[in-house]
Structure formats: C-alpha cells, structure tokens
Amino acid sequence: MAAPMELFCWSGGWGLPSVDLDSLTVLTYARFTGAPLKVHKVTNPWQSPSGTLPALRTSHGEVISVPHKIITHLRKEKYNADYDLSARQGADTLAFMSLLEEKLLPVLIHTFWVDTKNYVEVTRKWYAEAMPFPLNFFLPGRMQRQFMERLQLLCGEHRPENEEELEKELYQEARECLTLLSQRLGSQKFFFGDAPASLDAFVFGYLALLLQARLPSGKLQAHLRGLQNLCAYCTHVLSLYFPWDGAEGPPPRQTPAGPETEEEPYRRRNQVLSVLAGLAAMVGYALLSGIVSIQRTTPARAPGTRSLSMAEEDEEE
Amino acid sequence: MCNLPIKVVCRANAEYMSPSGKVPFIHVGNQVVSELGPIVQFVKAKGHSLSDGLDEVQKAEMKAYMELVNNMLLTAELYLQWCDETTVGEITHARYGSPYPWPLNHILAYQKQWEVKRKMKAIGWGNKTLDQVLEDVDQCCQALSQRLGTQPYFFNKQPTELDALVFGHLYTILTTQLTNDELSEKVKNYSNLLAFCRRIEQHYFEDRGKGSSSIRSS
C-alpha cells in the first residue's frame, strides 16, 4: 500500500487542537470525513516539507500547502464530506465561504495580530513559548508583519486615513456576518442538516478561534457569545470530534497518539541534554580559569602520607 | 429596478472624485455616496428597498451570494484585465490611459497594474494561471446558475440587489470585446444565466429607449 498521508500543522493551545485558522479547518475536515491522516503537530514551520503550515504530504510524496487544495485532494481520495449535498447546497457552500473570507477573515487577523493588547498578551506569547530557540525571537514578528500586510491589502481600498473608523466598520461587518451565520444555522445541528460538510469545517475554524482564545480585548467575542446557537454549535463539534480538548491529555484515536507520545521523550531528552550541557559548561569554565584545580593535589597526598608514616616509623625506631 | 430617476455622467477623474476612491458613486443634493453597499443603504434610508420582502435566512443567503460574486467574478475580471499580458498590452493600457496625455497615460496604467498585482498576491491569486482563473469563474457561474434554477429572479418574483449585481457583472463580461472570448464563453455555457441577463436588459433598459450595445449583438 502507498504511504499514508501526513498532515503537518500548528500544534494546539487555548483548548483547541490547533491555534492556526487554516490548520484547524483542515484538521476538522479530516475528522469529519474520517480520513486516515498521520498528524504531525509542530511548532516550527521550517519542519514542514513546504516551509509553511498546514501542509499535506500525499501518499505519492507530493506536498500541498494551500488549505483549499488540501481539502480538494482529500475529496479526490474519496474522503468527501459534501457527497450528500444537493447542487444548490453546494452553491450555498461556495457563497458562504466567500462571505467568511470577505467579512470574518480581516477581523480575525486584526483581532489576533494587529490589536496590540491581544497580540502581546495572547498571540505572541503563545508562539514565542511554543517555538524552539532561536526562532521564537524573530518568527512571531515576521508573521505579524506578513499578516498586517495581508490585512492592508485586503481592505486597503477603503479609506486608509481614518484607522479607527476603518476598524469600527470592519467589526460592524463582522458582527453582521456572525448574525447572518447564526440565522442560517437556525436550530440545526450542522449547516446542511445532520451531517457535517466542508462549510462546517470552515465556520468551525473561525468560531472556535474567536470563542476559545482568552482575549483581553474581545469585542467580537462578546457579540459571538450572545449568539447562543453558534456557541452551542462550536462546543458540539469540539466535544464530538475533538473530545480530548486540545493538545493535552491522551487522544482516543490511534493515529495522532503516535506522534504525540513520540514528542514526549524528545522533550525529556532535550531537558536532560540541556542540563548536562549547562553543567559541563560551568565545570569546564571553572577548570580552565583555574578557580578549581583538583587533579594536582591528589598524587601529592599519597607520597605525603607515606612520608609521614615513614617519619613515624623513623621516630619509633 | 427601484424606479429612481438618475442621470449617468461619465468622467475621466471619477475615481478621484469619489470619497472612497471607487466608482460608481452618486451625487444627491449635497451628499456623495460611493460603492454599491453604501448606495443601497442610502437608498434604503430614503425609503426604497428591494429586499424588504425577504426573510432573515434569505437575506443571509443574498449577502453570501453577493460576496461570492464580489470574491470570484470581480477578482477574475481584475485578473483578466491586469494580469493577463495579452489583454493588458492590447486593451487595458490603452483604455485606462486614454483620457490622459503622454506620458501620464503610461505611468498611471503601470501604477494601477502594479497595485492590482499586489492585491492578487495578497489574496493568493498571484500564482494562478489563466486556466485556473477561468475554472474558478466556471464554478462561480455554476453556483449562480444552480441557485437561479428556473426562476425569473434569484428570489423568485421580485428582483433584489443580488440580481442587480449579478446582471452588472455578467452583462459586462458578455458585452466587452477582449482578445480572447473564453470568459464570456464560460458564462454562455449556462443558458439560464443568459436568459436572466436578456430579461433584465429588456425589462429595465431597452424599454427606456437606451441604444447602447446589447447582448444580441455579441
């Protein structure tokens, strides 16, 4: 059989299986369809085969890194969550995905990467703690610049002079979008009835990030909390498909368990190695600079004691 | 569609006159409102609205479809106009720079092209080939065609903002002469969309006696 498909994505935090929107969406879609993926949760984008996360390595060795294309590939491999949808529902999916991209995505980027309080206390903190040294110094800053540029170009057509007004407008549209989603969902379990579809994966990605992260300035979060059916929808998907609540704790499925326990010994080994390295550095410095010199006195003591005992013998004689 | 009396004026510096930098904009009394969304809201505030008869779910769907059209059709049109080398060279540069004297026509055209290319890159369309863009347009038209079905308008009997938006884009695609006709061919594949455009054109434009280019001639 061909090698199983491998998915590289950002690891989890804030009670979610992944902290990145695209990774979360792809993971959720894979869970919905039961696709047998080997999931690698990494905190270093350079570890992924394409340099960005999420990335899918197919069974033929090809690497795909655009989320839409990853989902299309999964569909081609017969893991299709939209199989039962009518043509009209398929059209609705496209329309609502465009709505999400236009209205919610700019605000999501703004909330997590541009809003100073959120960025410093939540986003940067997580990424800086999760990434290995020395990436944690410059990579979060670089990601922030990339996101800010993307945001600028996304809504750069509007009046760029008045930032506060622009912000207000963005949030206003996002609130409207959330209300629209809530109205469309109504009291159903998923957007198209009782079975989840790809649209649910996308919506869940956005909502979960907005709801779960503990944001100090969460204006949109407050609005979202007011929409009961969307909150219930979010918790429902989390409890059904991600019951182990993020990266901590043992997962029920076999496939993600492997790489996760593999990471544990690596972490322990790294800790032990770093302690040993520290000790070796201190001892080496001490010896080299002469603060401590052990070896010279030990051979001198033995003849010293012998000479003492000889002297005693001499005295006795 | 709202039966409002308007006078259409064409100006070369329309983009600069508009408060947000985009056309179209309307000038009413001493107020200037630009872009479709704000204009719709402005007209609604004055008491004319096309979507009053829709319920909440339908309004949500309408907004979503409008975003789809904006996302796919508008971006595809921009791509074709500014990122496809043949079209840029033969048509867009000349058309965009025509109101200005040399060398301004070249400079402004290049500047706009550079701006559009940057935006394409930001939304992920920078690496798309023309075929992929046409495929996206096809998907979008398929979605619209399925939503329209056999109804006269998207929300059955009454036209709404979505109908106006879709008509605007499709009509432009169908009637603009380009170096390659693949884009309009994609739209022509869907007969109900063609019929939809023709119906609106006949009902709202030809009845008023306008003699501009019609769909029949292309």
Side-chain angles (χ1 to χ4, degrees), chain A residues 22 52 65-69 72 85-106 109 146-162 165-166 169 172-173 176-188 191 199 202-203, chain B residues 15 18-23 34-35 37-38 41 54-75 78 115-128 132 135-149 151 154 162 166 190:
Chain A
D22 293 327
T52 58
S65 45
V66 178
H68 280 267
K69 292 215 181 114
T72 315
L85 293 184
S86 72
R88 165 114 172 226
Q89 287 172 326
D92 279 348
T93 305
L94 263 183
F96 276 97
M97 274 179 11
S98 302
L99 185 72
L100 285 174
E101 258 182 53
E102 285 275 332
K103 304 271 166 135
L104 270 189
L105 183 60
I109 296 181
Q146 280 175 342
F147 275 112
M148 276 181 88
E149 210 191 293
R150 193 160 155 199
L151 186 63
Q152 274 249 292
L153 286 170
L154 268 180
C155 21
E157 303 131 10
H158 300 269
R159 294 141 276 210
E161 309 107 21
N162 202 341
E165 234 191 72
L166 175 64
E169 219 183 279
Q172 169 75 12
E173 294 201 348
E176 246 181 60
C177 177
L178 287 175
T179 322
L180 285 176
L181 281 176
S182 172
Q183 281 158 357
R184 180 68 176 79
L185 181 63
S187 52
Q188 295 171 291
F191 274 93
L199 181 62
F202 279 94
V203 175
Chain B
E15 274 185 339
S18 147
S20 75
K22 294 199 108 181
V23 282
S34 66
E35 291 187 65
Q41 278 179 345
L54 300 178
D55 67 25
E56 298 298 337
V57 176
Q58 286 177 316
K59 277 198 186 146
E61 277 182 22
M62 184 180 86
K63 285 254 159 92
Y65 275 94
M66 282 172 78
E67 285 308 323
L68 177 68
V69 169
N70 271 336
N71 202 353
M72 293 241 167
L73 284 185
L74 184 62
T75 323
L78 272 180
E115 227 180 87
V116 172
K117 280 202 166 149
R118 249 179 92 206
K119 182 173 175 215
M120 291 289 151
K121 215 165 142 201
I123 55 178
W125 281 53
N127 295 330
K128 286 201 178 179
Q132 283 170 328
E135 213 183 280
D136 282 338
V137 170
D138 193 43
Q139 251 188 6
C140 179
C141 290
Q142 196 182 32
L144 287 173
S145 171
Q146 277 157 0
R147 184 65 179 79
L148 182 63
Q151 301 166 333
F154 276 95
L162 178 61
V166 172
Y190 299 96

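Chain letters run A, B, ... following the sequence lines, proteins first and then strands; every chain starts at 1. On a predicted model such as this, the values are computed, not experimentally measured, just so you know.
With a 4.5 Å cut-off on non-hydrogen atoms, Gln146(A) does not touch chain B at all. Within the 4.5 angstrom heavy-atom criterion, no atom of Gln142(B) approaches chain A.
Residues Leu99(A) and Lys63(B) share a closest heavy-atom pair of CD1-O, 4.0 Å. Of all the heavy atoms in Ala95(A) and Leu68(B), the pair that sits closest is CA-CB, 3.8 Å. Pairing each heavy atom of Ala143(B) with each of Ala91(A), the nearest pair is O-CB, 3.4 Å. The shortest heavy-atom contact between Leu94(A) and Gln139(B) is CD1-O, 3.9 Å.
Enclosure of atom CZ in Arg88(A) by more than 12 non-hydrogen atoms of other residues, nucleotides or ligands within 6.0 angstrom is indicated.
Scanning residues 177-187 of chain A against chain B with a 4.5 Å non-hydrogen threshold yields Leu180(A), Gln183(A), Arg184(A), sorted by number.
To the nearest 0.5 Å, the span separating NZ on Lys121(B) from CD on Glu149(A) amounts to 8.0 Å. Taking CZ from Phe96(A) and CD from Glu67(B), the interatomic distance works out to 11.0 Å, rounded to the nearest 0.5 Å.
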message: For Asp92(A) and Tyr65(B): C-alpha separation, side-chain torsions, deciding distance, then whether side chain to side chain contact (heavy atoms under 4.5 Å, CB included) applies.
response: CA-CA 8 Å; Asp92(A) 279 348; Tyr65(B) 275 94; 2.6 Å; yes
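Thr93(A) pairs by the side-chain hydrogen bond (donor to acceptor under 3.5 Å, both in side chains) definition with nothing, not counting sequence neighbours.
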